[in-house]
Amino acid sequence: MKKIYSFSINKDNFVDEIVTKVDADGKESKIVEKINKPTAKTYFIAKPSFTLKQESNLYYESVVAECIKKGIYTSIQLRKRFIDDGGILSLQEKKHYETLWNDLWTKKSEINQLNEKSEENKDAIKLVNDAILKILSDLQTIEEKSGNNLLYEHTAEKIASDRTVLWLTLNLAYEDLGNDKQSPFFGKGNFDERIKKYEEIEMDGESELYELTQKLFLVASLWYYGKAQTVEEFDKIMLMAENKSVLSR
């Protein structure tokens, strides 16, 4: 099974061991004690198959449709309002903003086509991802100037993207058992069965299992949004996230 990214963590492993105790009189006795011998466990997000990618796209579209039914704006609808009511933006800035959005959709279409092909497209994928990140940065700069950037967090597409990342995490998260064997982290079954386990873990919020779940979700999110592609890129961001988590405790 091909992997997007894997990482290991040390987990408590208490085992029974016979230890020798010596009392004040020098008499020896043997007792059983629980000894913690931490073991390394490896987890990963798998590369989705073509079929799973198609299913994730269908799930994304279904969430977008659901949002539209509930009256949530699509990014196109919001973009139109933003351009029409651009506030302090000049006419030139409005035109540039619209061009950036058109470029973004073009690049996303390119990346989807490249991802369906072989490993030989790695360099091309990286170039397109870099271009997408630059476009997103330019869009954010314009939106921050106008004060409307927060609105885009609530578009149908953004909500669908976030929920698709969760869908992918539930389907692609595994524990590596060694000898080319894996165990689905959220168990087997359909989406409803897997998300039930996710919600049980999320309700706790403080356990090691919760932190592990957040790491798996972060890996899937970084890959889905094109923020990390290589092991080095994942390592760097994961380390930053880990340091931030430690400092906030």
Side-chain angles (χ1 to χ4, degrees), residues 1-49 51-52 56 119 162-225 227-249:
M1 181 178 289
K2 292 185 177 181
K3 303 171 184 177
I4 289 175
Y5 182 75
S6 65
F7 58 88
S8 298
I9 62 172
N10 288 322
K11 298 194 72 175
D12 289 339
N13 180 34
F14 289 93
V15 296
D16 292 333
E17 276 198 3
I18 298 175
V19 297
T20 302
K21 296 287 186 178
V22 181
D23 62 19
D25 297 326
K27 186 178 180 180
E28 292 185 353
S29 62
K30 296 184 182 298
I31 62 172
V32 176
E33 282 190 356
K34 290 284 187 184
I35 306 296
N36 186 16
K37 292 188 173 182
T39 56
K41 298 282 188 179
T42 301
Y43 302 89
F44 65 93
I45 294 294
K47 280 191 174 181
S49 63
T51 300
L52 196 63
S56 70
E119 295 291 320
D162 289 345
R163 285 175 59 179
T164 301
V165 171
L166 176 58
W167 188 93
L168 287 168
T169 304
L170 296 179
N171 283 281
L172 298 175
Y174 288 87
E175 178 182 352
D176 193 333
L177 303 178
N179 298 320
D180 202 28
K181 294 182 179 179
Q182 310 85 24
S183 174
F185 184 77
F186 294 100
K188 297 180 181 179
N190 58 29
F191 179 78
D192 290 336
E193 291 169 321
R194 294 187 187 211
I195 202 169
K196 183 178 179 180
K197 180 174 180 180
Y198 173 84
E199 289 173 343
E200 288 173 355
I201 296 172
E202 192 179 46
M203 285 292 289
D204 189 340
E206 296 294 335
S207 67
E208 291 182 1
L209 201 56
Y210 173 78
E211 292 185 7
L212 175 56
T213 299
Q214 294 306 298
K215 283 187 177 182
L216 290 166
F217 184 82
L218 176 58
V219 172
S221 179
L222 291 172
W223 173 79
Y224 183 80
Y225 288 111
K227 294 183 178 180
Q229 297 294 321
T230 66
V231 172
E232 292 75 19
E233 290 172 338
F234 276 108
D235 283 343
K236 182 178 179 180
I237 298 175
M238 296 297 284
L239 181 60
M240 289 171 61
E242 180 67 25
N243 290 338
K244 184 178 179 181
S245 175
V246 170
L247 290 172
S248 63
R249 290 174 186 170

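No hydrogens, no waters, no symmetry mates; every other heavy atom, side chains included, goes into these values. Predicted model, so just to flag it, every value in this text is computed and none were measured.
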Query - Residue pair E202, T213: steps toward the side chain to side chain contact (heavy atoms under 4.5 Å, CB included) verdict - result: CA-CA 8 Å; E202 192 179 46; T213 299; over 6 Å; no
**Report entry** Straight-line distance of K215 NZ to Y5 OH, nearest 0.5 Å
**Finding:** 8.5 Å
Requested in this report: Identify which one of V165, I4, V219, T169 satisfies the side chain to side chain contact (heavy atoms under 4.5 Å, CB included) criterion when paired with Y224.
Outcome: V165
Query - Taking every non-hydrogen atom, the tightest pair across M1 and A46 - result: SD-CB, 3.6 Å
Requested in this report: Would you check, one step at a time, whether the test side chain to side chain contact (heavy atoms under 4.5 Å, CB included) holds for D16 with K34?
Outcome: CA-CA 5 Å; D16 292 333; K34 290 284 187 184; 3.1 Å; yes
Report task. Compare every heavy atom of P48 with every heavy atom of W223, then report the nearest pair and how far apart it is. Result -> CH2-CG, 3.6 Å
Requested in this report: Measure the shortest side-chain to side-chain distance between F7 and L212 over non-hydrogen atoms and say whether it is less than 4.5 angstrom.
Outcome: yes
Query raised in the report: So, for F186 and R194, which heavy atoms are closest and what is the spacing to 0.1 Å?
Result: O-CG, 3.8 Å
**Report entry** For the student: nearest non-hydrogen atoms of S56 and T164, plus distance
**Finding:** O-CG2, 4.0 Å
Report task. Measure the CG-NZ distance between L222 and K227 for me, rounded to the nearest 0.5 Å. Result -> 7.5 Å
Requested in this report: Quick one: do K196 and D192 satisfy side chain to side chain contact (heavy atoms under 4.5 Å, CB included)? Show the steps, please.
Outcome: CA-CA 6 Å; K196 183 178 179 180; D192 290 336; over 6 Å; no
Query raised in the report: How would you list, by chain and number, every residue that makes a salt bridge (charged side-chain N to carboxylate O under 4.0 Å, His left out) with K3, sequence neighbours excluded?
Result: D176
**Report entry** Rounded distance (nearest 0.5 Å) linking atom CG of L166 with atom CD1 of I195
**Finding:** 5.0 Å
Query raised in the report: In Å, rounded to the nearest 0.5 Å, how long is the span from CG of L170 to CG of L216?
Result: 10.5 Å
**Report entry** Distance (rounded to the nearest 0.5 Å) between I31 CD1 and I18 CD1
**Finding:** 10.5 Å
Requested in this report: Mind telling me whether Y43 and F185 have parallel, tilted or perpendicular rings, with 30° and 60° as the class edges?
Outcome: perpendicular
Query raised in the report: Where is the tightest heavy-atom contact between L177 and S183, given as atom of each residue plus distance?
Result: CD1-CB, 3.9 Å
**Report entry** Distance in Å, F217 CZ paired with L168 CG, rounded so as to fall on 0.5 Å steps
**Finding:** 10.0 Å
Query raised in the report: Which pair of non-hydrogen atoms, one from S6 and one from T42, has the smallest distance, and what is that distance?
Result: CB-CG2, 4.2 Å
